[in-house]
Amino acid sequence: MSAPFYLTTPIYYVNAAPHLGHAYTTIVADAMARYRRLAGDRVWLLTGTDEHGDKIAQAATRAGLPPQALADRNSSAFRETWRRLGITNDDYIRTTEPRHARVVQAVLQGLRDAGEIYLGKYGGHYCFGCERFYTEKEIVDGRCPDHQTPLTWIEEENYFFRMSKYQGWLIEYLEAHPDLIRPERYRNEILGFLREPLQDLSISRPRSRLEWGIPLPFDERFVTYVWFDALLNYVSALGWPDDERFRTFWPHAQHLIAKDILKPHAIYWPCMLKAAGLDVFRRLNVHGYWNVGGGKMSKSVGNVVEALALTDKYGNDAFRYFVMREMTFGLDADFTEEAFVGRLNADLANDLGNLVSRATTLLAGARDGEATVGPPEEEDTAVHRAAVTARAAADEAMADFAFQRALAAIWEFIGAVNRYVDATQPWALARDPARRPRLGRVLCTLADALGWLGIVLDPFLPEAAGRIRAAVGVTAPPRLADAVMGRLDRVPAVARLSGLFPRIEDAARTAGKAARAARPARAAADTPDAPAAPIAIEDFQRVDLRVAEVLAAEAVPKSRKLLRLTVSLGDEQRTVVAGIAEHYAPADLVGKKVVVVANLQPATLMGITSQGMILAGSADTKTAVLALDRDLPAGAKVR
RNA sequence: GGCGGUGUAGCUCAGCGGCAGAGCAGGGGUCUCAUAAGCCCCGUGUCGGAGGUUCAAUUCCUCCCACCGCCA
């Protein structure tokens with residue numbers, strides 16, 4: 001029941017600062033680790049930094065620093081970022097650590113002794129940026145197709161890993177383990193790649209051109225190729241070969257990567273493990289790219305979003321929620337601040353935050369008399385069932401790394417609870433002493449639902465989930481096994497929790513909001529006992545009132561109240577939608593001269609753009625359109 | 001050039017032989033516990049285009065177009 005679960009992020013290359021892509025991988029790994037811990041698994045979450053290779057050496061030279069100093073600085077930047085994002089990694093490995101170098105050398109020596117590594121010769125066009133050779137066909141005008149920089153012809157001796165001999169084995173292994181690489185599109189991509197002959201892998205670089213790496217144990221003239229070095233972090237961090245941690249966790253290893261490093265993980269790495277006599281990892285989970293403003297996220301292109309700036313602005317939980325909810329795991333997604341704010345307002349503020357606020361207010365407000373808790377009714381058990389359904393769906397989604405589906409399932413439940421509040425109307429129950437037991441039960445169900453959310457949301461929104469648990473008085477560490485509704489039989493003491501996720505209001509939204517707010521205000525002003533505040537004549541003159549002749553009128557389909565009018569303002573015709581269908585038949589209006597607001601901002605009602613407003617008075621259920629008591633031409637000014 | 005993917009409502013996407021769906025945005029209504037939130041109602045869109053198979057195609061096949069990925 002306490003299953004080991006080993007999850008790794010890639011180790012990040014320290015030639016650049018952390019960005020959205022790094023943050024997504026790490027956040028998603030953290031959420032998965034938290035979920036499995038919540039489920040009671042023994043979890044080991046590993047992240048770290050990749051610090052060797054040409055690019056680090058070059059970046060260090062540019063920065064006027066020794067490579068180790070640059071690596072120290074940038075590795076700290078990653079570590080600090082994860083700390084601020086609240087990442088719960090259990091270890092943080094750096095490839096410049098002795099514990100790692102020792103393992104790399106041991107593996108190399110073992111492969112060398114087993115005849116898996118041989119000295120060969122290679123010549124080709126080399127790109128220092130890519131740290132790879134290019135074939136003639138790939139070269140564009142003598143330049144690197146990636147960097148557009150001139151290539152260097154290099155001919156050198158190097159050590160090669162006999163990867164080609166594992167091609168057949170790897171294909172069979174992939175056939176026998178359909179879940180090894182997921183989602184399936186990436187498995188297919190690798191199978192496609194394996195239809196072509198696999199080359200041996202150069203695993204060394206001569207020290208004559210690169211000092212910054214782990215020396216080959218059997219030939220001091222060479223350092224280890226950075227990928228061969230880096231991939232081994234996944235076992236070196238567990239203390240291969242003898243550490244108990246390695247024996248416990250390696251059989252349950254799951255890797256999490258972005259699609260740009262699919263090939264090393266899906267091809268080199270299994271072959272390396274096989275050759276070294278180690279088990280292949282359990283699963284490779286591959287996600288897509290974040291596009292920002294149409295461009296791609298990448299380590300070497302500058303178009304990136306600074307992750308920390310966004311989390312500072314909107315909070316860690318909101319950021320976590322957005323990236324996990326917005327991206328379909330495996331596919332690319334777009335990052336825009338509008339989408340971010342949209343999710344924050346719709347899902348976090350309106351649905352979740354408001355539910356917590358209304359429920360805790362009800363619970364905190366009605367404390368006396370809830371000692372009597374009636375039996376659960378159908379409405380209550382329906383909520384219990386919704387919780388069961390949501391957890392089952394979330395479990396299934398999480399087993400598949402489908403974070404977006406897990407969150408959608410939880411939000412289904414949040415919707416069900418919001419509907420439950422509306423249906424049971426606890427505020428109405430509170431007015432009727434005879435219904436005390438029912439009120440007690442409703443409050444109980446609400447507290448129960450909040451408790452459930454405080455647990456299930458924990459992996460995704462750790463801060464908010466903690467606050468919800470605190471509000472309902474839960475102090476014990478959350479466990480998924482306790483996320484079961486229907487066991488609560490008295491109303492707990494609950495503290496009011498409002499403003500969990502405040503809405504973000506931008507200028508456009510504020511304007512829309514003001515327009516909506518104006519409606520009830522106007523209605524209030526209509527009633528004689530609520531006179532409007534005095535305004536200056538200039539204020540009134542801003543309203544352009546005109547005489548208009550109604551040329552045509554028709555009912556708006558599917559609308560009870562709306563009429564679509566075509567009016568003449570003299571030299572201009574306009575469409576005006578008026579909410580008077582309950583008071584006037586279309587035919588009664590045609591030919592009438594009425595008064596319209598001519599400079600009203602156009603509004604779309606039932607898909608029709610209304611370019612103005614007909615003036616009408618109303619009292620109780622009566623409505624009368626303003627007409628002229630003697631004739632004036634259409635378009636005449638009214639004041 | 002080869003292989004593969006995608007193209008569905010204003011936006012993001014689900015569906016993948018049997019009357020076109022969800023969320024968001026927008027519109028209408030309603031409640032008042034709540035963060036002007038909630039809840040209810042409202043979508044005829046050439047399902048990229050053209051052919052074909054079928055009683056029936058958004059769904060299967062062929063070709064074409066656009067974009068994307070992997071490989072060369």
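Sequence lines set the chain letters: A, B, ... in the order given, protein chains first and strands last, and positions in each chain run from 1. Quantities reported herein were computed from a predicted structural model and do not represent experimental measurements.
Within the shown strands, B:rG69 is the pairing partner of B:rC3 under the Watson-Crick or G-U definition, both distances less than 3.5 Å. The pairing partner recorded for B:rG21 is B:rC13, the criterion being a Watson-Crick or G-U wobble arrangement whose two distances lie under 3.5 angstrom. Summarising the base pairing, B:rU46 is matched to no nucleotide, lacking a Watson-Crick or G-U wobble pair whose two defining distances lie under 3.5 Å. The nucleotide B:rA37 finds no pairing partner, because no Watson-Crick or G-U wobble arrangement with both distances shorter than 3.5 Å includes it. Base pairing of B:rU53 is not made with any nucleotide, judged by Watson-Crick or G-U wobble geometry with both donor-acceptor distances under 3.5 Å.
Contact annotation for A:L500: base contact, defined as any heavy-atom pair under 4.0 Å involving a base atom. Residue A:D351 is classed as a sugar-phosphate contact, given heavy-atom separations below 4.0 Å to backbone atoms only. Within 4.0 Å of A:R496, counting heavy atoms only, lie sugar-phosphate atoms of the nucleic acid but no base atom. Heavy atoms of A:G499 sit under 4.0 angstrom from at least one base atom. Using a 4.0 Å heavy-atom cutoff across all strands shown, A:S357 reaches at least one base atom of the nucleic acid.
Using atom P as the reference point in both B:rG7 and B:rU12, the two lie 12 Å apart (nearest Å). To the nearest whole angstrom, the two P atoms, one in B:rC47 and one in B:rC40, are 30 Å apart. If you take atom P in B:rU46 and the same atom in B:rU58, they sit 13 Å apart, rounded to whole Å. Distance noted for atom C1' between B:rC39 and B:rC31: 8 Å (whole Å). Nucleotides B:rG5 and B:rC42 are separated by 36 Å at their C1' atoms, to the nearest Å. Here, B:rU32 and B:rA14 have their C1' atoms 35 Å apart, quoted to the whole Å. Taking the P atom of each, B:rG48 and B:rG10 are spaced 14 Å apart, rounded to whole Å. Nucleotides B:rC61 and B:rC16 have their C1' atoms positioned 15 Å apart, rounded to a whole Å.
Contact check, A:R195 against B:rC71: no side-chain N or O comes under 4.0 Å of OP1 or OP2. Put simply, A:N188 has no side-chain N or O that comes within less than 4.0 Å of OP1 or OP2 on B:rG5. When the side-chain nitrogen and oxygen atoms of A:S498 are compared with OP1 and OP2 of B:rU35, one or more of them lie within a distance under 4.0 Å. Look at A:K259 and you won't find any side-chain N or O under 4.0 angstrom from OP1 or OP2 of B:rC70. Proximity of A:R187 to the phosphate of B:rG4: no side-chain N or O atom is located under 4.0 Å from OP1 or OP2.
Looking at the side chain of A:E196, the nearest of the listed nucleotides B:rA34, B:rC39, B:rC71 is B:rC71. For A:R185, the side-chain atoms get nearest to B:rG5 when compared with the rest of B:rG5, B:rU35, B:rC33. Proximity note for A:W427 (side chain, C-beta onward) versus B:rG38, B:rC33, B:rA34: the nearest is B:rC33. Among the nucleotides B:rC24, B:rC33, B:rC40, the one closest to the side chain of A:R419 is B:rC40. Distances were taken from every side-chain heavy atom of A:N350 (C-beta onward) to each of B:rC33, B:rA34, B:rA37; the shortest belongs to B:rA37. Listed nucleotides B:rC3, B:rC39, B:rA37 differ in distance to A:N418; the shortest reach to its side chain belongs to B:rC39.
For A:T336 (side chain) and A:A339 (main-chain N/O), a donor-acceptor pair under 3.5 Å exists by modelled atom type. A side-chain donor-acceptor contact under 3.5 Å links A:T360 to the backbone of A:L497. Within the 3.5 Å criterion, the main-chain N or O of A:H19 finds a donor-acceptor partner in the side chain of A:H22.
Among the candidates A:K259, A:R187, A:R185, the single residue satisfying the side-chain contact (heavy atoms from CB on, under 4.5 Å) test with A:V286 is A:K259.
Whole-Å rounding puts the A:Q167 CD to B:rC71 P distance at 15 Å. Rounded to whole angstrom, the span from the CG atom of A:D347 across to the C1' atom of B:rU35 amounts to 14 Å. A:F501 places its CZ atom 16 Å from the C1' atom of B:rA34, with the value rounded to the nearest Å. The CD atom of A:E412 sits 10 Å away from the P atom of B:rC24 (whole-angstrom rounding). Here B:rG38 presents its C1' atom at 16 Å from CG of A:L348, a figure rounded to the nearest Å. The distance between atom CZ of A:R358 and atom C1' of B:rA36, rounded to the nearest whole Å, is 14 Å. Between A:D334 atom CG and B:rC24 atom P there is a gap of 20 Å when expressed in whole angstrom units. Whole-Å rounding puts the A:R405 CZ to B:rG15 P distance at 10 Å.
Annotation: of the two residues near RNA chain B, A:Q425 and A:D422, the 5′-most nearest-nucleotide partner is A:Q425. Positionally, the nearest nucleotide of RNA chain B for A:G415 lies more toward the 5' end than for the other of A:F193 and A:G415.
Ion pairing between a basic and an acidic side chain is recognised when a charged N comes within 4.0 Å of a carboxylate O; A:R441 and A:D448 show no such pairing. Between A:R405 and A:D400 a salt bridge is recorded (basic side-chain N to carboxylate O distance below 4.0 Å).
Aromatic pair A:F322/A:F335: centroids less than 6.0 angstrom apart.
In the displayed structure, A:R435 atom CZ is contacted under 6.0 Å by at most 12 heavy atoms of other residues, nucleotides or ligands.
Applying the 3.5 Å distance criterion, the base of B:rA34 shares a donor-acceptor pair with the side chain of A:N354.
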